[in-house]
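Each residue takes its place number in the sequence, starting with 1.
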Amino acid sequence: MRPVPVHPFVRFGAAVATAGILLAGLSAPASATESDQLWIDAPYEKSLQTGAEAGTPVEVGLYHDNDNFTVTDGRLTVDTSGLAGVAEVTWPENCAPSGTTAVCTVVQVPVIGSDYSPQVLLEVHAADGAEAGAQGRITYAATATGGPEGTLEAPLDSFGTTLTLASGPDLVLAGLDPVEGATPGTVHTAPLTVKNEGQEPARGFTLGMMASYGLGFDSRYDACTYTQTGGEYAPMSRAECAFDRVLLPGETFTLPEPLRIALGDHAFRERMDVDVQPAGGVTDVNEENNYRILEVDAVNTADFAVRGSRVSGAVGETVKAALTFRNKGPGWFGNLGSGDSVALVDFTVPEGVTVTRAPAACDPRTLDGGSYRPGRLGAPRYVCEMPYWVLENTARTFRFDLRVDAVVPDAKGQVALRPVITGAGFPHDPKPGNNTGWVTVNPAPAA
C-alpha cells in the first residue's frame with residue numbers, strides 16, 4: 001500500500017530530508033508512462049469513543065498513479081461485517097448499502113496532489129453496550145474505468161481500518177488560523193484553545209510549540225521552558241509547557257494571556273507547530289486533532305545570487321574553481337514542508353579541463369542533464385544541492401579541482417541557479433539577473 005501524506009507539511013519533530021529529489025533533465029522510462037495503478041487511501045487504524053454522541057469520521061478515497069490516463073467510475077466496496085457488536089456505520093449519500101457492505105461511487109478518480117481529498121466520508125459510532133478495548137475492522141476493495149487496459153483494480157486484501165473502542169480524554173486544539181500579508185518586525189496575536197471533547201477528565205496536559213526561524217515568542221508563560229534548536233536543521237524556537245489544570249469533559253482552556261508571536265525582520269514563510277497531550281502518560285483517544293500548524297506568510301523577499309571564479313593554469317596543472325551561492329536577503333528561506341533543496345547550483349564544465357575533485361553535494365551529469373555513468377569525476381556538468389533552508393545572509397561555496405588538459409583562452413562554463421521543480425522559478429527572488437555566473441579558465445588579458 002502506498003503511503004498518503006496525513007499533513008501537507010512535515011512535522012518539525014521529524015527529520016526533514018532532501019533525499020530522492022528529481023533533478024532537471026531526468027525523464028521517466030517509457031514503461032512508467034504506459035502503466036497505471038488504482039489505490040485506496042484509508043486510515044490503518046482509528047479510535048472510537050464509547051458513549052460519545054458524535055460519530056468518528058473515517059475518510060476513504062481512491063486515487064491512481066498516472067496522470068496520462070483519465071480514470072472514472074470508481075467503485076469502492078466497503079465491508080463492515082468485521083464491526084459486528086463493536087461499531088456501526090452511517091453511510092454518506094454516495095454509498096449504496098446492502099447488509100454489511102456498501103458500494104460507494106467516485107465519479108472522477110484523481111492522482112495524488114495538493115488538491116486531493118478523500119471522496120467517501122464514513123461516520124462510525126460505538127455500538128450500544130460495547131466496551132473499551134473491543135476491536136473491529138473495515139475492509140475495502142475497488143475498481144475503476146481507465147488505465148492502459150481500460151479497467152483498474154486496487155490490490156486485493158491490502159486495505160483495511162482497525163477500529164478500537166476507547167474511553168478517555170480527547171484534547172482538541174483550535175484556533176491558529178493562517179496569517180497572510182504579515183509585516184516583518186511586527187507582533188501577531190494567535191488565538192489558541194484546548195478543549196476536552198472526551199468522556200473522561202484530562203488531569204493536566206502538556207503543550208509543545210515549535211516556531212520557525214522567523215518567529216519568536218513575544219509572550220512568555222511560567223508553565224513553559226524555552227529553548228533554541230539548530231545544527232543541521234533550520235534554527236527554531238521551542239516552548240515546552242506543562243499545565244496542571246484538570247479539564248473536565250466539554251471544558252475549554254485558554255492560555256493565561258494571549259499567545260503573541262513576534263516576526264523578525266528576516267521573517268518570510270513561517271510556521272509554528274503546536275501539539276497537545278494529556279499528562280501522566282494517559283493516551284488521548286483521538287490524536288488526529290492534537291496537532292495544528294499556524295502558517296504565517298510575511299511580505300518579504302530573498303535575493304538568491306551565484307558567482308563563479310576566474311582561474312589560470314598551464315597544461316597538466318590543477319586549478320581550483322569556486323562556485324558560491326549567496327542569499328542576500330532580507331528574508332531567510334526554508335522549504336519547511338517538503339524538505340526540498342532551496343536551489344540547485346548547476347555548473348557546466350569549461351572546455352579544455354577535467355574535474356578531478358568535486359564536492360560530495362554535487363552530482364555528475366551529462367551535458368543534457370542525464371546520469372553520468374563513468375563515475376563522479378570527469379563529468380561535463382555537475383548539479384550541486386543546497387540545503388532545504390538558508391539564512392538571510394547564508395553563503396556556501398562549492399570547490400572543484402580542474403586539471404588543465406588544453407589551454408583554451410577564455411574558456412567559460414556557466415554557473416546557474418535552478419529550482420528543484422523544473423519551471424517553478426524563484427518567485428521570492430527580486431533580482432533574477434544575478435542567478436547566473438561563470439567559471440572562466442585562462443581568461444584573456446584585459447585590453
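Considering only heavy atoms from C-beta on, Ile261 stays 4.5 Å or farther from Val296 through its side chain. Considering only heavy atoms from C-beta on, Leu207 comes within 4.5 Å of Val274 through its side chain. For the pair Val420/Leu344, a side-chain contact is recorded, criterion being any heavy-atom separation below 4.5 Å from C-beta on. Side-chain contact check for Asp73 versus Arg75: some heavy-atom pair is nearer than 4.5 Å. Proximity of Thr206 to Glu240: side-chain heavy atoms (C-beta onward) are nowhere separated by under 4.5 Å. Residues Ser309 and Val415 have side chains not in contact (no heavy-atom distance under 4.5 Å, counting atoms from C-beta outward). You'll find the side chain of Pro359 stays beyond 4.5 Å of the side chain of Tyr382, heavy atoms only. Contact check for Asn290 versus Gln277: side-chain heavy atoms found under the 4.5 Å cut-off.
Under the 3.5 Å distance criterion, with hydrogens and angles disregarded, a donor-acceptor pair is assigned to the side chains of Ser212 and Glu270. Thr397 and Thr324 form a side-chain donor-acceptor contact under 3.5 Å, judged by distance and modelled atom types alone. For the 3.5 Å distance criterion, the side chains of Thr164 and Gln135 qualify, holding a donor opposite an acceptor. There is no side-chain donor-acceptor pair under 3.5 Å between Thr348 and Arg381. A donor-acceptor pair shorter than 3.5 Å can be found between the side chains of Tyr140 and Thr161. Judged purely by distance below 3.5 Å, without hydrogens or angles, the side chains of Gln108 and Thr72 never pair a donor atom with an acceptor atom.
Counting only distance, with no hydrogens or angles, the side chain of Tyr213 and the backbone of His266 share no donor-acceptor pair below 3.5 Å. No side-chain donor-acceptor contact under 3.5 Å links Glu287 to the backbone of Asp284. In terms of modelled atom types and a separation under 3.5 Å, the side chain of Arg260 and the main chain of Val187 share no donor-acceptor contact. When atom types are taken as modelled, the side chain of Ser341 and the backbone of Met386 share a donor-acceptor pair closer than 3.5 angstrom. For Asn289 (side chain) and Val172 (main-chain N/O), no donor-acceptor pair under 3.5 Å exists by modelled atom type. With hydrogens and angles ignored, the 3.5 Å screen pairs no side-chain donor or acceptor of Asp275 with any backbone N or O of Gly208. Side chain of Thr80 to main chain of Thr100: a donor-acceptor pair is present (N/O by atom type, distance under 3.5 Å, no hydrogens or angles). For the pair Asp346 (side chain) and Ala416 (backbone), a donor-acceptor distance under 3.5 Å is absent. Judged purely by atom type and a 3.5 angstrom limit, Asn300 uses its side chain to pair as donor or acceptor with the backbone of Asp265. Using a distance-only test at 3.5 Å, with no hydrogens or angles considered, a donor-acceptor pair links the side chain of Asp36 to the main chain of Asn66.
Taking the six-membered ring for Trp and the full ring otherwise, the centers of His428 and Phe333 sit less than 6.0 Å from each other.
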Query raised in the report: Can Cys362 and Phe400 be said to form a side chain to side chain contact (heavy atoms under 4.5 Å, CB included), step by step?
Result: CA-CA 10 Å; Cys362 300; Phe400 286 79; 3.8 Å; yes

Report task. List the steps and the verdict of side chain to side chain contact (heavy atoms under 4.5 Å, CB included) for Gln49 and Thr56. Result -> CA-CA 8 Å; Gln49 282 220 64; Thr56 296; 5.7 Å; no

**Report entry** Criterion side chain to side chain contact (heavy atoms under 4.5 Å, CB included) on Phe268 and Thr301, from CA distance to verdict
**Finding:** CA-CA 7 Å; Phe268 197 6; Thr301 59; 5.6 Å; no

Report task. Could you walk me through whether Gln414 and Trp438 pass side chain to side chain contact (heavy atoms under 4.5 Å, CB included), step by step? Result -> CA-CA 5 Å; Gln414 187 183 68; Trp438 300 92; 3.6 Å; yes

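By the 30° and 60° cut-offs, the orientation of the rings of Trp39 relative to Phe159 is perpendicular.
Here the closest non-hydrogen pair linking Asp401 and Thr318 is CB-CG2, 3.8 Å. Between Thr283 and Pro278, the shortest heavy-atom distance links the atoms C-CG, 4.5 Å. The shortest non-hydrogen separation linking Asn442 to Ser312 is OD1-CA, 3.4 Å. Of all heavy-atom pairs between Tyr63 and Val109, the closest is CA-CG1, 3.6 Å. A pairwise comparison of heavy atoms in Lys46 and Glu288 identifies NZ-OE1, 3.0 Å as the closest pair. Considering all non-hydrogen atoms of both residues, Val439 and Pro350 come closest at O-CG, 3.7 Å.
The CG atom of Leu163 sits 5.0 Å away from the CG atom of Leu48 when rounded to the nearest 0.5 Å. Put simply, CE on Met272 and CE on Met210 are 11.5 Å apart, with the number rounded to the nearest 0.5 Å. Atoms CH2 and CH2, on Trp332 and Trp389 in that order, are 8.0 Å from each other to the nearest 0.5 Å. In this structure, CG in Leu62 is found 5.0 Å from CG in Leu76, a value given to the nearest 0.5 Å. Interatomic distance, CZ of Arg137 versus OG1 of Thr139, reported as 7.0 Å (0.5 Å rounding). One finds the CG atom of Leu192 at 9.0 Å from the CG atom of Leu294 (value rounded to the nearest 0.5 Å).
Residue Arg376 places its CZ atom among more than 12 non-hydrogen atoms of other residues, nucleotides or ligands, all under 6.0 Å distant. At most 12 non-hydrogen atoms from other residues, nucleotides or ligands lie less than 6.0 angstrom from CD of Glu351. Residue Lys328 places its NZ atom among 12 or fewer non-hydrogen atoms of other residues, nucleotides or ligands, all under 6.0 Å distant.
Applying the salt bridge (Lys or Arg N to Asp or Glu O under 4.0 Å) test to every pair with at least one member in residues 170-193, sequence neighbours left out, gives no pairs at all.
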